[in-house]
Amino acid sequence: ERAEAHGIFRWVNLVHPTASISPSASLGVGIFVGPQVSISSNAVISDFVTIGRNSTFGHDSSIGDYSRLGPAVAIPGLVTLGKNVVVGPGASFVNGVRIIDGVLIGAGSVVTRHIRRPLPVMGNPARPLRRPVAVVRRAVKRSVRSVLRRTGLYQRARRWYRSRRG
(Lines give C-alpha, C1' and ligand atoms only; values in the text may rest on other atoms or scores of the structure.)
Protein backbone atom coordinates (compact mmCIF):
# COMPACT_ATOMS: atom_id res chain seq x y z
CA GLU A 1 0.00 0.00 0.00
CA ARG A 2 2.83 2.40 0.80
CA ALA A 3 4.55 1.76 -2.51
CA GLU A 4 1.27 2.24 -4.35
CA ALA A 5 0.61 5.51 -2.49
CA HIS A 6 4.02 6.85 -3.57
CA GLY A 7 3.47 5.87 -7.19
CA ILE A 8 6.24 3.25 -7.16
CA PHE A 9 3.99 0.28 -7.73
CA ARG A 10 0.70 -0.10 -9.57
CA TRP A 11 -1.47 -3.18 -10.03
CA VAL A 12 -2.34 -4.19 -13.58
CA ASN A 13 -5.21 -6.18 -15.04
CA LEU A 14 -4.42 -9.14 -17.29
CA VAL A 15 -7.18 -9.59 -19.87
CA HIS A 16 -6.81 -12.14 -22.65
CA PRO A 17 -7.30 -10.66 -26.15
CA THR A 18 -10.14 -13.09 -26.92
CA ALA A 19 -12.13 -12.05 -23.83
CA SER A 20 -15.29 -10.02 -24.42
CA ILE A 21 -15.95 -7.31 -21.82
CA SER A 22 -18.88 -4.91 -21.96
CA PRO A 23 -17.97 -1.20 -21.81
CA SER A 24 -20.42 -0.74 -18.91
CA ALA A 25 -18.73 -3.45 -16.78
CA SER A 26 -16.77 -2.25 -13.76
CA LEU A 27 -13.38 -3.91 -13.26
CA GLY A 28 -11.21 -3.68 -10.13
CA VAL A 29 -7.41 -3.82 -10.01
CA GLY A 30 -5.20 -6.90 -10.23
CA ILE A 31 -7.74 -9.08 -12.03
CA PHE A 32 -7.03 -11.90 -14.47
CA VAL A 33 -9.51 -12.66 -17.24
CA GLY A 34 -8.80 -15.82 -19.22
CA PRO A 35 -9.45 -16.64 -22.88
CA GLN A 36 -12.99 -16.78 -24.30
CA VAL A 37 -14.50 -15.10 -21.19
CA SER A 38 -17.67 -13.07 -21.66
CA ILE A 39 -18.49 -10.29 -19.16
CA SER A 40 -21.91 -8.69 -19.72
CA SER A 41 -23.22 -5.19 -19.04
CA ASN A 42 -23.23 -3.63 -15.57
CA ALA A 43 -21.18 -6.49 -14.10
CA VAL A 44 -19.01 -5.54 -11.12
CA ILE A 45 -15.73 -7.39 -10.66
CA SER A 46 -13.79 -6.38 -7.55
CA ASP A 47 -10.05 -6.39 -6.89
CA PHE A 48 -7.76 -9.41 -7.37
CA VAL A 49 -10.32 -11.70 -9.01
CA THR A 50 -9.37 -14.56 -11.33
CA ILE A 51 -11.81 -15.69 -14.02
CA GLY A 52 -10.96 -18.93 -15.82
CA ARG A 53 -11.30 -19.63 -19.54
CA ASN A 54 -14.67 -20.06 -21.30
CA SER A 55 -16.58 -18.54 -18.38
CA THR A 56 -19.60 -16.25 -18.71
CA PHE A 57 -20.43 -13.50 -16.26
CA GLY A 58 -23.99 -12.21 -16.61
CA HIS A 59 -25.53 -8.75 -16.46
CA ASP A 60 -25.83 -6.92 -13.13
CA SER A 61 -23.80 -9.61 -11.34
CA SER A 62 -21.02 -8.88 -8.88
CA ILE A 63 -18.07 -10.76 -7.41
CA GLY A 64 -16.11 -9.81 -4.28
CA ASP A 65 -12.39 -9.34 -3.72
CA TYR A 66 -9.93 -12.25 -3.96
CA SER A 67 -12.45 -14.64 -5.54
CA ARG A 68 -11.62 -17.26 -8.16
CA LEU A 69 -13.78 -18.71 -10.91
CA GLY A 70 -12.62 -21.92 -12.56
CA PRO A 71 -12.93 -22.65 -16.27
CA ALA A 72 -16.36 -22.89 -17.93
CA VAL A 73 -18.31 -21.32 -15.06
CA ALA A 74 -21.74 -19.97 -16.07
CA ILE A 75 -22.99 -17.03 -14.00
CA PRO A 76 -26.28 -15.55 -15.28
CA GLY A 77 -27.73 -12.18 -14.35
CA LEU A 78 -28.20 -10.72 -10.87
CA VAL A 79 -25.87 -13.17 -9.09
CA THR A 80 -23.85 -11.85 -6.14
CA LEU A 81 -20.67 -13.62 -5.02
CA GLY A 82 -18.97 -12.50 -1.79
CA LYS A 83 -15.28 -12.14 -1.00
CA ASN A 84 -12.91 -15.14 -1.14
CA VAL A 85 -15.37 -17.33 -3.03
CA VAL A 86 -13.84 -20.21 -4.98
CA VAL A 87 -15.94 -21.66 -7.79
CA GLY A 88 -14.87 -24.97 -9.32
CA PRO A 89 -14.79 -25.71 -13.05
CA GLY A 90 -18.11 -26.11 -14.83
CA ALA A 91 -20.25 -24.78 -11.99
CA SER A 92 -23.43 -22.94 -12.90
CA PHE A 93 -25.88 -20.70 -11.10
CA VAL A 94 -29.54 -19.70 -11.27
CA ASN A 95 -30.54 -16.02 -11.66
CA GLY A 96 -30.58 -13.96 -8.48
CA VAL A 97 -28.54 -16.27 -6.24
CA ARG A 98 -26.47 -14.71 -3.43
CA ILE A 99 -23.34 -16.35 -2.03
CA ILE A 100 -21.72 -15.10 1.20
CA ASP A 101 -17.97 -14.68 1.81
CA GLY A 102 -15.62 -17.67 1.99
CA VAL A 103 -17.71 -20.31 0.21
CA LEU A 104 -16.14 -23.12 -1.83
CA ILE A 105 -18.34 -24.35 -4.70
CA GLY A 106 -17.41 -27.75 -6.12
CA ALA A 107 -16.77 -28.56 -9.76
CA GLY A 108 -19.90 -29.09 -11.84
CA SER A 109 -22.22 -27.88 -9.09
CA VAL A 110 -25.55 -26.25 -9.91
CA VAL A 111 -26.31 -23.52 -7.37
CA THR A 112 -30.09 -23.04 -7.21
CA ARG A 113 -30.46 -21.33 -3.81
CA HIS A 114 -28.78 -18.65 -1.70
CA ILE A 115 -25.79 -19.89 0.29
CA ARG A 116 -25.79 -18.35 3.76
CA ARG A 117 -23.09 -20.40 5.54
CA PRO A 118 -19.35 -20.43 4.71
CA LEU A 119 -19.20 -24.16 3.99
CA PRO A 120 -18.11 -26.07 0.91
CA VAL A 121 -21.09 -26.84 -1.34
CA MET A 122 -21.33 -29.32 -4.19
CA GLY A 123 -23.72 -31.36 -6.24
CA ASN A 124 -26.79 -30.87 -8.39
CA PRO A 125 -28.46 -29.02 -6.73
CA ALA A 126 -25.57 -27.70 -4.66
CA ARG A 127 -25.82 -28.62 -0.98
CA PRO A 128 -23.44 -27.82 1.87
CA LEU A 129 -21.21 -30.52 3.30
CA ARG A 130 -22.10 -31.12 6.94
CA ARG A 131 -18.65 -32.06 8.18
CA PRO A 132 -16.27 -30.83 5.51
CA VAL A 133 -13.03 -31.27 7.44
CA ALA A 134 -13.78 -34.86 8.44
CA VAL A 135 -14.94 -35.81 4.95
CA VAL A 136 -11.85 -34.35 3.28
CA ARG A 137 -9.49 -35.81 5.87
CA ARG A 138 -10.98 -39.30 5.41
CA ALA A 139 -10.78 -39.11 1.61
CA VAL A 140 -7.14 -37.99 1.66
CA LYS A 141 -6.21 -40.65 4.19
CA ARG A 142 -7.83 -43.40 2.09
CA SER A 143 -6.22 -42.27 -1.15
CA VAL A 144 -2.73 -41.95 0.37
CA ARG A 145 -3.04 -45.32 2.08
CA SER A 146 -4.18 -47.03 -1.12
CA VAL A 147 -1.26 -45.60 -3.11
CA LEU A 148 1.20 -46.65 -0.43
CA ARG A 149 -0.24 -50.18 -0.29
CA ARG A 150 -0.07 -50.59 -4.05
CA THR A 151 3.58 -49.57 -4.10
CA GLY A 152 4.53 -51.58 -1.01
CA LEU A 153 5.61 -48.49 0.89
CA TYR A 154 2.83 -48.79 3.48
CA GLN A 155 4.30 -51.90 5.13
CA ARG A 156 7.82 -50.48 4.99
CA ALA A 157 6.70 -47.22 6.59
CA ARG A 158 4.81 -49.13 9.30
CA ARG A 159 7.86 -51.27 10.10
CA TRP A 160 10.09 -48.18 10.22
CA TYR A 161 7.67 -46.36 12.51
CA ARG A 162 7.44 -49.33 14.88
CA SER A 163 11.23 -49.67 15.01
CA ARG A 164 11.57 -45.96 15.89
CA ARG A 165 8.97 -46.18 18.69
CA GLY A 166 11.13 -48.75 20.37
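Treat the numbers as computed from the prediction; the structure is a model and nothing was measured.
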Which pairs would a plain distance check flag for residues 43-51, meaning a side-chain donor or acceptor within less than 3.5 Å of a matching protein atom at least two apart in sequence or in another chain?
unit_1: Ser46; atom_1: OG; unit_2: Ile63; atom_2: O; d: 3.0
unit_1: Asp47; atom_1: OD1; unit_2: Val29; atom_2: N; d: 2.9

Going by heavy atoms in the side chains, are [X] and [Y] under 4.5 Å from each other?
X	Y	result
Phe57	Leu69	yes
Asn54	Gln36	yes
Asn95	Pro76	yes

**Message:** When you measure from the side chain of His114 to the backbone of Arg116, do you find a donor-acceptor pair of N or O atoms at a distance under 3.5 Å?
**Reply:** no

**Message:** Treating Ser67 as the side-chain partner and Gly82 as the backbone partner, does any N or O pair qualify as donor plus acceptor under 3.5 Å?
**Reply:**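 Present.
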
Using the rule that Ile, Leu, Val, Met, Phe, Trp and Tyr join whenever any side-chain heavy atoms are under 4.5 Å apart, tell me whether [X] and [Y] fall into a single cluster.
X	Y	value
Ile75	Met122	no
Val85	Leu78	no
Tyr66	Ile115	no
Phe32	Leu81	no

**Request:** Starting at CD1 of Ile21, measure out to OG of Ser41 and round the result to the nearest 0.5 Å.
**Result:**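 It comes to 13.0 Å.
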
**Message:** Nearest 0.5 angstrom please: Asp60 CG to Ser40 OG, how far?
**Reply:**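 Nearest 0.5 Å value for the CG-OG distance: 9.5 Å.
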
**Request:** Mind jotting down which residue pairs meet the ring-ring contact (aromatic ring centres under 6.0 Å, His included) criterion with at least one end in residues 77-97? Sequence neighbours excluded, please.
**Result:**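 Counting only pairs at least two positions apart or across chains, no ring-ring contact (aromatic ring centres under 6.0 Å, His included) contact touches residues 77-97.
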
**Asked** What pairs meet the side-chain hydrogen bond (donor to acceptor under 3.5 Å, both in side chains) rule with one or both residues in residues 19-31, with sequence neighbours excluded?
**Response**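 Non-adjacent pairs meeting side-chain hydrogen bond (donor to acceptor under 3.5 Å, both in side chains): Ser22-Ser24.
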
**Item:** Least distance between heavy atoms, Gly34 atom then Ala19 atom
**Value:**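 The pair with the smallest heavy-atom distance is O-CB, 3.8 Å.
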
**Results of side chain to side chain contact (heavy atoms under 4.5 Å, CB included) for Thr56 - residues two or more places apart only** = Ser38, Ala74

**Message:** Just to verify, what does Arg113 make a side chain to side chain contact (heavy atoms under 4.5 Å, CB included) with, not counting sequence neighbours?
**Reply:**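 Side chain to side chain contact (heavy atoms under 4.5 Å, CB included) list for Arg113, sorted by chain: Arg127.
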
In residues 97-112, what donor-acceptor pairs under 3.5 Å come from side-chain atoms, sequence neighbours left out?
unit_1: Asp101; atom_1: OD1; unit_2: Lys83; atom_2: N; d: 2.7
unit_1: Ser109; atom_1: OG; unit_2: Gly106; atom_2: O; d: 2.9
unit_1: Ser109; atom_1: OG; unit_2: Gly123; atom_2: N; d: 3.2

